[in-house]
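Report on the structure given below.
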Amino acid sequence: MRFAVRNWFAWTSERISSAQWRDWAGPCREDDFVPPVALPLSLRRRATPMGQTLLAGALGFTEIVQEARYVQASRHGEFSRARQTLLALAQEEELSPAEFSMSVHHGLAGLLSIHAQNRQGHIALAAGTESFACGLLEAAACIAERPQTPILLLYADEKLPHEFAGLAGPESALPCVMVLGLTAPRMDGDDIILTQEPASRPGDPSPSAALDFLRFLLSGEAQAVSHGEHWDWTWRHA
């Protein structure tokens, strides 16, 4: 699969500014960076802190947010909402319609599309520890299908609460938020080619495919591999 990255935004609890990300990536090229925007109150009051960060980052893509298709990838989604619903059920309390409506996996993409008046449609997926890589594959497939329509890849995950720690698996890179603006291959040839192969070390996956990809994007390396539980993901510059 072949695509180009127009712009990017990323956040972890340790890094948010472009300077911090460039220091983390080491010697790197001067790619653009989309800073988060001030989030309208109508969105802020309906999203968790993680969701607010994702929406603020996405709204910084002012040139495509109204015309792009959205691909939202997340392992757990806004799990704090689902947890509140589960607690209410366990305690036989009345459920909050607002919390339940936003606990579905595509809730943030839907909220963003309504705010941006975007009718292109969106896709939500969860693929365990490989959710980011599978989201990137889905985004690349959408570009191959409709090259004239840009893609916003929305990725966010947070740590599970302690009650569910046994289900978490490898999560050393969480919490993490990333937004990528993807387009069809460009005339300058600075495209990225994505390939997928069965995992070469399934018992020893990389901590975060999202951070592996961002390091590759910023460093200017010719090629990088992220090892997943089921697949190896290779990115190279065309």
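Quick note: numbers below take in every heavy atom, side chains included, and nothing from hydrogens, waters or symmetry partners. When a residue number appears, it is its place in the shown sequence, counting from 1.
In this structure, Gln66 places its CD atom where only 12 or fewer heavy-atom neighbours from other residues, nucleotides or ligands lie under 6.0 Å away.
Counting only heavy atoms from C-beta outward, the side chains of Leu211 and Cys176 approach each other to under 4.5 Å. Counting only heavy atoms from C-beta outward, the side chains of Trp8 and Trp21 approach each other to under 4.5 Å. Residues Trp235 and Leu217 fail the side-chain proximity criterion, which asks for heavy atoms closer than 4.5 Å. Using a 4.5 Å heavy-atom cutoff, the side chains of Leu153 and Val179 are not in contact. When side chains are defined from C-beta on, Ser200 counts as touching His227, because their heavy atoms get closer than 4.5 Å.
Arg81 is linked by a salt bridge (Lys or Arg N to Asp or Glu O under 4.0 Å) to Glu78, Glu99, counting only residues two or more places apart in sequence or in another chain. The salt bridge (Lys or Arg N to Asp or Glu O under 4.0 Å) test applied to Arg146 returns no partner, not counting sequence neighbours. The ring-ring contact (aromatic ring centres under 6.0 Å, His included) search around Phe79 returns Phe164, not counting sequence neighbours.
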inquiry  = Assess the residue pair Arg6 and Leu182 against the criterion (side chain to side chain contact (heavy atoms under 4.5 Å, CB included)); give the C-alpha distance rounded to whole Å, side-chain angles, the decisive distance to 0.1 Å, and a yes or no.
reply    = CA-CA 6 Å; Arg6 174 181 289 188; Leu182 306 181; over 6 Å; no
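Between Asp191 and Arg2 a salt bridge is recorded (basic side-chain N to carboxylate O distance below 4.0 Å).
Put simply, the side chain of His105 gets close to the backbone of Ser74: a donor and an acceptor are under 3.5 Å apart. In this structure a side-chain-to-backbone donor-acceptor pair under 3.5 Å is present from Tyr70 to Val65.
Ring centers of Phe216 and His237: under 6.0 Å apart, within the cut-off.
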